[in-house]
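Structure record follows, encoded as structure tokens.
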Amino acid sequence: MPKSRIRKKADYTPPPTRQATAIKMNNRGWVAPVMLAMFLIGLAWIVVFYVTDGSLPIHALRNWNIVVGFGFIAAGFGVSTQWK
């Protein structure tokens, strides 16, 4: 009986190693505290305005104090877009 040919197996070639890519670390630890601070400042501004019947925080602004309070809250939402 004739002898069969032996197939030669290909040598093992390990997959190419990945080069270390620079991991971009965005330090966003400031976002949550600033966002919460803006929310709380805006809320406190509006609450103080209503509790003091408009004499505080700034009497000269009169009803525009509400806009200032909501401006702080809106700024908090603006900062929240940076949160990952």
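Just so you know, these numbers use all the heavy atoms, side chains as well, and skip hydrogens, waters and symmetry mates.
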Side-chain touch [X]/[Y], heavy atoms, less than 4.5 angstrom:
X     : Y     : answer
Ile46 : Ile73 : yes
Asn65 : Pro57 : yes
Ile58 : Trp64 : no

Quiz item: Can you check whether His59's main-chain N or O pairs, donor with acceptor, with Ser55's side chain at less than 3.5 Å?
Solution: no
Exercise. Could you tell me whether a side-chain N or O of Arg28 sits under 3.5 Å from a main-chain N or O of Gln82, the two making a donor and an acceptor?
Key: yes
Quiz item: What are the two closest heavy atoms between Leu61 and Val68, and how far apart are they?
Solution: CD1-CG2, 4.0 Å
Practice problem: Please name the pair of heavy atoms, one in Met35 and one in Ser80, separated by the smallest distance, quoted to 0.1 Å. | Solution: SD-CB, 3.2 Å
Practice problem: Just jot down the ring-ring contact (aromatic ring centres under 6.0 Å, His included) partners of Phe49, sequence neighbours excluded, or say none. | Solution: none
Self-check item: Phe70: ring-ring contact (aromatic ring centres under 6.0 Å, His included) partners, not counting sequence neighbours
Solution: none
Quiz prompt | Working for side chain to side chain contact (heavy atoms under 4.5 Å, CB included), residues Leu40 and Phe72 | solution = CA-CA 9 Å; Leu40 292 176; Phe72 276 110; over 6 Å; no
Please determine whether residues [X] and [Y] belong to a single hydrophobic cluster, defined as Ile, Leu, Val, Met, Phe, Trp and Tyr linked transitively by side-chain heavy-atom distances below 4.5 Å.
X     : Y     : answer
Ile66 : Val51 : no
Leu56 : Val67 : no
Trp83 : Ile41 : yes

Quiz item: Quick one: are the ring centres of Phe39 and Phe77 less than 6.0 Å apart?
Solution: yes
